[in-house]
K.L.:
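Structure in structure tokens, see below.
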Number of protein chains: 2
Amino acid sequence: MERGEGVKLSTKGRYGVRAMFDLAQHMGEGPVSLKSISERQGISEHYLEQLIAGLRKAGLVKSVRGAQGGYLLGREPDKIKVGDIIRVLEGPIAPTECVSEEDPECCTKAEYCITRTIWERVRDSIAEVLDSITLETMLEDAQKLESERSLYMYYI
Amino acid sequence: MERGEGVKLSTKGRYGVRAMFDLAQHMGEGPVSLKSISERQGISEHYLEQLIAGLRKAGLVKSVRGAQGGYLLGREPDKIKVGDIIRVLEGPIAPTECVSEEDPECCTKAEYCITRTIWERVRDSIAEVLDSITLETMLEDAQKLESERSLYMYYI
DNA sequence: CGGATATCTTATTAAAATAGTCGGGATTTG
DNA sequence: CAAATCCCGACTATTTTAATAAGATATCCG
């Protein structure tokens, strides 16, 4: 029985966040094609297509078909939380099924179950982090990082 | 592409925590057999055997072979964190590989990577919750729950 | 209009992980 | 010795993951 890495996100969520951040970074430049995202981010274009289909259905991105078409953010970057993206691509945040964010069908022994409270606390702490970060705050972080780096240049 | 439930723990971790808690609840009664744990917890005995083998190698449980043998906690319940159990059974806590708790081989663009900081924060918040709970605190919680329930009995 | 560029949709697939199952060997107790 | 129990390695079915592929539909531009 091989041991993996615990409490994992799949590539869906990671790729999805990167793609959405990419869209945020290219706002105002018109529709961004899947091809350009996949090239910049090093993600398979066809695979990304599947992921973005879900994001579109959820309204997180808008699409423009045809030549010179592509994708745009579905709403302002400060209105898109990382948690929103993760929930669309990976489903409700839930370290175990019995504490799913959305599914009310729970184990019958909920009241007596001590371990359940642990998974609830894990779920809430994950949700809190993911919902505290928006594409807007990510853009700000990137900005900050960039200005720090150019500042550093003077000392070399 | 079907959507599962995001940021999941496997049964390994959940079963492991339940088994360890079961051992904590039966401390002082001598070795606890795998069979009795699997019956009380409703977990396949053979499967549990695999999990507990890992826990034994990590020193979280001690085993007593032969008839009337079984398992005992490897150390005092206040010295066993839920995070310890999860790490043994599911590997280092890491929502993505690039922020593994133990693996220093990281993506080359670590400094510039904005999404990376998100996964680090998720990782740290999960670890903080799991490391704040010990078998001892779980026993206390169970105790509290029990006394609340018996108190409630007076009003019926 | 017609071709190039893109998105949209459905189906298939290879590899890995998950969640077990099975059989037999070693050790201890009564 | 027999029963209980842990110990160990191999096997397997199912699901999930991460793509891949093929073709239909829509739009822009010359």
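Quick caveat: nothing in here was measured; it's all calculated off a predicted structure. Quick note on labels: first sequence line is chain A, next is B, and so on, each numbered from 1.
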K.L.:
Ignoring hydrogens and angles, are the base of D/dC6 and the side chain of B/E49 linked by a donor-acceptor pair under 3.5 Å?
P.N.:
no
K.L.:
Provide, to the nearest angstrom, the distance between the CD atom belonging to B/Q50 and the C1' atom belonging to C/dC22.
P.N.:
11 Å
K.L.:
Grab the CD-P distance between A/E39 and C/dT5 for me, whole Å please.
P.N.:
13 Å
K.L.:
Whole Å only: how far is the CG atom of A/L55 from the P atom of C/dT7?
P.N.:
14 Å
K.L.:
Tell me what A/I52 touches on the nucleic acid: a base, only sugar-phosphate, or nothing, going by heavy atoms under 4.0 Å.
P.N.:
nothing
K.L.:
Check whether any side-chain nitrogen or oxygen of A/S63 sits under 4.0 Å from OP1 or OP2 of C/dC8, and answer yes or no.
P.N.:
yes
K.L.:
Is there a side-chain contact between B/R56 and the phosphate of D/dC7, meaning an N or O under 4.0 Å from OP1 or OP2?
P.N.:
yes
K.L.:
Any side-chain N or O of B/Y15 below 4.0 angstrom from OP1/OP2 of C/dA19?
P.N.:
no
K.L.:
Looking only at side-chain atoms of A/A67, point me to the closest of C/dT28, D/dT5, D/dC28.
P.N.:
D/dC28
K.L.:
If you find the nucleotide of DNA chain D closest to A/T11 and the one closest to B/Q68, which residue's nucleotide is nearer the 5' end?
P.N.:
B/Q68
K.L.:
Could you check how far NZ of B/K57 sits from C1' of D/dC6, rounded to whole Å?
P.N.:
12 Å
K.L.:
Rounded to whole angstroms, how far apart are CD on A/E45 and C1' on D/dA21?
P.N.:
13 Å
K.L.:
Of the nucleotides D/dC28, D/dC6, D/dT20, which one has an atom closest to the side chain of B/L34?
P.N.:
D/dC6
K.L.:
Could you tell me the separation between the NE2 atom of B/H46 and the C1' atom of C/dG23, rounded to a whole number of Å?
P.N.:
9 Å
K.L.:
In terms of heavy-atom contacts, does CD of B/E29 have more than 12 from other residues, nucleotides or ligands at under 6.0 Å?
P.N.:
yes
K.L.:
Separation of A/Y47 atom OH from D/dA21 atom C1', in whole Å?
P.N.:
16 Å
K.L.:
Does any N or O donor sit under 3.5 Å from an N or O acceptor when you compare the side chain of A/R65 with the base of D/dT25?
P.N.:
yes
K.L.:
Are more than 12 heavy atoms, taken from residues, nucleotides or ligands other than A/E76, located less than 6.0 Å from that residue's CD atom?
P.N.:
no
K.L.:
Rounded to whole Å, how long is the line connecting atom CG of A/L9 with atom C1' of D/dT17?
P.N.:
13 Å
K.L.:
So, is B/K12 close to the C/dA19 phosphate, meaning a side-chain N or O under 4.0 Å from OP1 or OP2?
P.N.:
no
